[in-house]
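Heads up: the structure comes next, in structure tokens.
Residue numbers count from 1 along this sequence.
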Amino acid sequence: MIDPNRPKEAWGSRLGVILAVMGSAVGLGNFLRFPGLAAQYEGGAFMIPYFISLLILGLPLAWVEWSLGRYGGLQGYNSTPGIYRAVWKNRIAPYCGVLAVVIPVMIYMYYVYIEGWCLAYSLRYLCGQMSFGDDPNAYAGFFGRFVGMNEDGFAMSSHGDWPFGSAVLFTAVCFAINFILIYRGLAKGIEWFCRWAMPLLVLCAIVILIRVLTLGTPDPKLPEQNLLNGLGYMWNIDMTGEKCWLSLCNPQMWLAAAGQIFFSLSVGFGIVITYASYMKKNDDIALSSLTASAGNEFCEVALGGMIIVPTGFVFLGQAFIENPPSTFSLGFVALPNIFNQMFLGQFIGFLFFFLLFLAAVTSSLSMLQPAIALLEEGLGLHRRASVALLGFITAVGAAFVVYFSKDLVALDTIDFWIGTFCIFVLATLQVILYGWVLGVDRGFEELQRGAEIRIPRFVKFIIKYVSPAYLLAIFALWTHQQFFATPDDPTQLTWTQRIQQSAVVQVTLAFIGVVMILFLLLIAQSVRRWRAMERAEKETAK
């Protein structure tokens with residue numbers, strides 16, 4: 001329902017929207033999560049399910065979200081609940097869109113905290129304050145103190161070499177940067193930042209990659225830890241070895257690969273569908289979607305993977321990168337040890353963490369827009385009021401994550417239930433909505449209008465049958481593995497055990513429930529407003 005009193009936002013240029021969508025996808029998942037998964041799952045072997053998931057899930061679902069978004073945008077909706085209402089003429093349709101608002105908002109609550117870590121590390125390297133000697137435990141100790149892993153509330157206390165020892169300060173700075181840019185709107189805020197941040201991000205990554213490709217064999221005493229072997233671990237697939245086949249038979253690796261595709265392309269986040277709703281009727285969305293996806297894959301595979309995995313292999317050895325303490329430790333604990341041993345390591349460290357900071361900001365900006373769209377069109381709020389309300393909600397959530405920082409339990413809980421479970425549910429819902437409710441033929445008409453490439457017709461079959469079946473199969477395997485299967489490692493707790501044993505996990509799940517209820521109430525109020533506007537239009541027409 002188009003509100004004539006609400007100013008209609010739009011992208012300033014086609015390049016701007018492509019860079020913005022790339023920015024939403026390119027983030028910490030590309031430069032931390034993907035290399036960690038590739039190292040953990042046998043390097044080259046991981047690339048098989050990764051690229052299969054890209055072709056069966058990633059690209060088809062990206063086209064689905066771009067099509068649904070523009071279709072809803074032409075009906076006057078920019079929020080996912082409104083778009084669902086336009087696509088599916090059912091009373092429950094807008095409420096099914098709650099996940100597309102809650103997922104990015106709740107991920108933002110902890111993402112901005114990690115964003116602050118990146119900014120702090122980059123400034124520490126710039127000021128020469130990240131040299132802790134040759135003891136690898138010194139970097140792990142600093143990271144634990146900085147993020148407050150020792151005890152709840154520790155990150156909020158004054159400690160260390162202020163201001164560089166205050167994670168809260170840098171989180172607040174990142175919080176302010178995000179909301180200043182989102183307040184400026186699509187063209188003057190998100191698009192403006194991504195137009196210079198994305199090229200700068202790629203430039204920083206290329207500089208670091210060139211340095212990595214000139215590493216050679218830094219330690220003559222360990223000749224096997226050389227660059228060529230590091231690149232080989234990333235790309236070689238030993239199909240004759242039993243270890244490779246055992247990895248390919250591991251359902252957990254297929255689940256991880258599919259999950260990484262969702263993260264890397266922002267599929268199932270509710271972000272792309274909102275961005276696409278601002279496209280004009282005859283704008284190309286087929287090639288733009290493919291271009292944004294290709295740009296993201298270049299940043300993830302060619303830059304993120306080829307920087308982290310070979311570098312870790314050369315300096316830390318194969319045993320360490322296969323079993324890192326955690327995903328974050330690979331970036332915030334292992335890499336500082338590596339930079340400490342490199343020529344121009346302080347400068348390379350600054351560039352790398354500044355690169356992570358830029359990537360994080362381009363992603364976190366996109367996480368705010370779906371909720372802004374709902375507040376503006378659903379409640380009729382102006383930009384300032386909607387930004388202020390969302391700022392308050394996310395500030396409370398970020399404070400929650402920062403306070404419950406011991407062992408990062410709150411962060412991990414939100415990441416699992418929102419960043420994994422809910423994303424799978426939303427992605428499955430959207431592909432079914434496109435293929436079976438809107439109709440794959442009708443959806444393809446929307447996708448092909450104004451398209452500068454011709455998408456093969458067999459993609460219809462993939463979207464309608466293969467993608468939903470693949471998603472449901474992955475979801476079933478994942479549910480069985482998480483809740484019913486006996487862990488190979490008896491020390492590894494299932495989520496059922498975590499919920500029973502941890503009060504922080506219980507409180508975090510309750511907090512997720514409160515946020516979910518809050519946005520359901522906002523959607524209910526939006527639905528009442530949309531219906532009132534529709535009745536007013538009918539009366540005017542009479």
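- Between Ala371 and Phe519, the closest heavy-atom pair is CB-CE2, 4.4 Å.
- Judged by distance alone, the side chain of Asn226 and the main-chain N or O of Pro223 form a donor-acceptor pair under 3.5 Å.
- The shortest side-chain heavy-atom distance between Val409 and Thr508 does not fall under the 4.5 Å cut-off.
- Here the CG atom belonging to Leu200 is positioned 11.0 Å from the OG1 atom belonging to Thr362, to the nearest 0.5 angstrom.
- Looking only at distances, no side-chain donor or acceptor of Ser502 sits under 3.5 Å from a matching main-chain atom of Arg498.
- Residues satisfying the ring-ring contact (aromatic ring centres under 6.0 Å, His included) test with Phe400, not counting sequence neighbours, are Phe404, Phe511.
- Within the 4.5 Å cutoff, side-chain heavy atoms of Val314 are placed close to those of Pro218.
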Intermediate values then yes/no, side-chain contact (heavy atoms from CB on, under 4.5 Å), Glu65 and Tyr275 | CA-CA 9 Å; Glu65 291 203 6; Tyr275 275 11; over 6 Å; no

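- Nearest heavy atoms, Trp66 versus Ala276: O-CB, 3.5 Å.
- The heavy-atom pair separating Asn78 from Thr274 by the smallest distance is O-CG2, 3.4 Å.
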Dump the intermediate steps for ring pair (Phe, Tyr, Trp, His ring centres under 6.0 Å) on Phe175 and Phe179, then the final yes or no.
-> CA-CA 6 Å; Phe175 200 91; Phe179 274 89; 4.8 Å; yes

Apply side-chain contact (heavy atoms from CB on, under 4.5 Å) to Met149 and Leu408, showing your working.
-> CA-CA 6 Å; Met149 292 183 67; Leu408 302 179; 4.0 Å; yes

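- The aromatic rings of Tyr121 and Phe142 are tilted relative to each other, their planes meeting at an angle between 30° and 60°.
- Between Arg383 and Ile182, some side-chain heavy-atom pair lies under the 4.5 Å cut-off.
- Summarising the geometry of Met109 relative to Thr394, their closest heavy-atom pair is CG-O, 4.1 Å, with the distance given to 0.1 Å.
- Side-chain contact between Met516 and Leu99: present, with at least one pair of heavy atoms (C-beta onward) separated by less than 4.5 Å.
- To the nearest 0.5 Å, atoms CG (Leu54) and CD (Glu297) are separated by 5.0 Å.
- For Phe51, the CZ atom counts as densely surrounded, since its 6.0 Å shell holds more than 12 non-hydrogen atoms of other residues, nucleotides or ligands.
- With contacts defined as side-chain heavy-atom distances shorter than 4.5 Å, the pair Ser289/Ile285 does not qualify.
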Please step through side chain to side chain donor-acceptor pair (under 3.5 Å) for the pair Tyr110 and Asp415, ending with a clear verdict.
-> CA-CA 8 Å; Tyr110 70 81; Asp415 181 57; 2.5 Å; yes

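- Once rounded to the nearest 0.5 Å, the distance linking OG of Ser122 with CG of Leu119 reads 5.0 Å.
- Judged purely by atom type and a 3.5 angstrom limit, Tyr113 uses its side chain to pair as donor or acceptor with the backbone of Val147.
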Evaluation steps, ring pair (Phe, Tyr, Trp, His ring centres under 6.0 Å), between Trp117 and Phe143 | CA-CA 9 Å; Trp117 305 350; Phe143 176 73; 5.4 Å; yes

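- The line from SG of Cys204 to CD1 of Ile348 is 10.0 Å long, rounded to the nearest 0.5 Å.
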Just do the side-chain contact (heavy atoms from CB on, under 4.5 Å) check on Val272 and Val267 with the steps written out, would you?
-> CA-CA 7 Å; Val272 172; Val267 172; over 6 Å; no

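- Met106 is not listed as a side-chain neighbour of Tyr111, based on a closest heavy-atom distance of 4.5 Å or more.
- When atom types are taken as modelled, the side chain of Arg124 and the backbone of Gln129 share a donor-acceptor pair closer than 3.5 angstrom.
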For the pair Glu115 and Asn178, evaluate side chain to side chain donor-acceptor pair (under 3.5 Å) and give the outcome as yes or no after the intermediate values.
-> CA-CA 11 Å; Glu115 200 172 296; Asn178 278 280; 2.9 Å; yes

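- Rounded to the nearest 0.5 Å, atoms OH (Tyr125) and CE (Met130) are 4.0 Å apart.
- Pairing each heavy atom of Ile307 with each of Phe352, the nearest pair is CG2-CE1, 4.5 Å.
- Checked by atom type and distance alone, the side chain of Ser405 never pairs as donor or acceptor with a backbone atom of Val401 at under 3.5 Å.
- Here the shortest heavy-atom pairing between Ile271 and Pro370 reads CA-CG, 4.1 Å.
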Apply side-chain contact (heavy atoms from CB on, under 4.5 Å) to the pair Val504 and Lys406, showing each step before the final yes or no.
-> CA-CA 9 Å; Val504 174; Lys406 185 177 180 180; over 6 Å; no

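- Partners of Cys118 under the side-chain contact (heavy atoms from CB on, under 4.5 Å) rule, at least two apart in sequence or in another chain, are Leu28, Phe332, Leu356, Phe357.
- With Ser364 contributing its side chain and Val361 its backbone, the two residues share a donor-acceptor pair below 3.5 Å.
- The aromatic rings of Phe170 and Phe146 sit tilted relative to each other, their planes meeting at an angle between 30° and 60°.
- Aromatic ring pairs are classed by plane angle as parallel below 30°, tilted from 30° to 60° and perpendicular above 60°; the pair Tyr50 and Phe34 is tilted.
- We find the CD-CG distance between Gln260 and Leu265 to be 9.0 Å, quoted to the nearest 0.5 Å.
- Applying the side-chain hydrogen bond (donor to acceptor under 3.5 Å, both in side chains) test to pairs two or more places apart or on separate chains, those with a residue in residues 198-225 are Arg211-Thr214.
- The aromatic ring centres of Phe262 and Phe424 sit less than 6.0 Å apart.
- Here the side chains of Cys299 and Val202 are in contact, with some heavy-atom distance below 4.5 Å.
- Residues Leu61 and Gln430 have side chains not in contact (no heavy-atom distance under 4.5 Å, counting atoms from C-beta outward).
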